[in-house]
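Below is one structure, written out as structure tokens; the observations come after it.
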Amino acid sequence: MSEFFSLVKHYYNKHSNKTTTNNSNGNNSSSNSSNSDVNQGNSNPVEDKAISSNSSNVVNGVTYNDGSGKDVAKLSYNYSKYGIYNHVKNAGYKTTSYKWKKLGVKAEQLVYVNNRAVHNKNHSVWYRIKFANNSNAKTYWVPEKALTFNSVQYSNSSESMTFNGIESKLYDNIPNSSHLSNEKNE
């Protein structure tokens with residue numbers, strides 16, 4: 001499976017020189033480097049690098065990145081410490097907060113994630129979630145610490161893969177990771 005992810009990463013790095021790194025304090029920084037510049041000669045895994053090709057939109061100093069809506073995460077153990085809102089807090093919109101208890105949710109409950117927002121000023125990260133996988137489900141915004149995504153480790157590989165008649169969808173990022181994914185038609 002790691003070979004598959006390396007191949008997908010290699011393919012998309014050929015088409016985009018922009019990578020996004022989630023550093024240890026949770027802030028994102030971008031750099032313009034090709035895949036060969038990232039961890040050159042280092043066989044140790046690199047934590048949470050993603051290709052940032054999701055469509056983005058900047059409104060009121062907040063960058064929004066749409067996901068496919070198929071990504072999932074779980075509510076963290078301490079999700080109730082964090083607020084849940086109708087919009088990203090301090091993003092220039094009238095924001096309403098909701099009570100977790102009234103929503104009838106619990107720790108480690110699966111949620112569907114369809115958008116990621118980053119405040120350009122304070123670099124806080126927010127996710128738009130819903131509790132059901134249908135188009136009519138109400139959406140909410142939560143800070144990143146209210147969610148737990150699958151752990152993803154990236155590493156360079158010189159291995160090759162051969163696909164014999166296997167059809168699989170390609171995504172711009174690892175599905176169900178904190179960077180969200182979109183299916184690619186290439």
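Atom CD1 of Ile84 and atom NZ of Lys99 lie 12.0 Å apart (nearest 0.5 Å). Atom NE2 of His119 and atom CG of Asn60 lie 10.0 Å apart (nearest 0.5 Å). Note that OG of Ser80 and NZ of Lys106 are 14.5 Å apart. Values are rounded to the nearest 0.5 Å. Rounding to the nearest 0.5 Å places OG1 of Thr148 at 8.5 Å from NZ of Lys74.
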field: Worked verdict on Tyr82 versus Leu147 for side-chain contact (heavy atoms from CB on, under 4.5 Å)
entry: CA-CA 10 Å; Tyr82 306 100; Leu147 300 178; over 6 Å; no
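Between Leu75 and Val105 there is a side-chain heavy-atom pair separated by less than 4.5 Å. Under the 4.5 Å side-chain criterion, counting only non-hydrogen atoms from C-beta, Val111 is not in contact with Val72. No side-chain heavy atom of Val118 sits under 4.5 Å from any side-chain heavy atom of Tyr64.
Of the possible polar contacts, one joining the Asn86 side chain to the Thr96 backbone as a donor-acceptor pair under 3.5 Å is found.
Residues that satisfy the ring-ring contact (aromatic ring centres under 6.0 Å, His included) test with Trp100, not counting sequence neighbours, are Tyr79. Lys89 meets the side chain to side chain contact (heavy atoms under 4.5 Å, CB included) test with Tyr85, Trp126; sequence neighbours excluded. By the side chain to side chain donor-acceptor pair (under 3.5 Å) test, Gln109 pairs with no residue at all, sequence neighbours left out.
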Can you give each donor-acceptor pair under 3.5 Å made by side-chain atoms of residues 127-143, sequence neighbours left out, with the distance rounded to 0.1 Å?
{"from": "Tyr127", "atom 1": "OH", "to": "Arg116", "atom 2": "NE", "distance (Å)": "3.2"}
{"from": "Tyr127", "atom 1": "OH", "to": "Ser178", "atom 2": "O", "distance (Å)": "2.6"}
{"from": "Arg128", "atom 1": "NE", "to": "Asn114", "atom 2": "OD1", "distance (Å)": "2.8"}
{"from": "Lys130", "atom 1": "NZ", "to": "Asn134", "atom 2": "O", "distance (Å)": "3.0"}
{"from": "Asn134", "atom 1": "OD1", "to": "Asn136", "atom 2": "N", "distance (Å)": "3.0"}
{"from": "Asn134", "atom 1": "OD1", "to": "Ala137", "atom 2": "N", "distance (Å)": "2.8"}
{"from": "Lys138", "atom 1": "NZ", "to": "Tyr98", "atom 2": "OH", "distance (Å)": "3.4"}

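Taking both residues in full, the closest heavy atoms of Gly69 and Tyr112 are given as O-CB, 4.2 Å, listed atom of the first, atom of the second, then distance.
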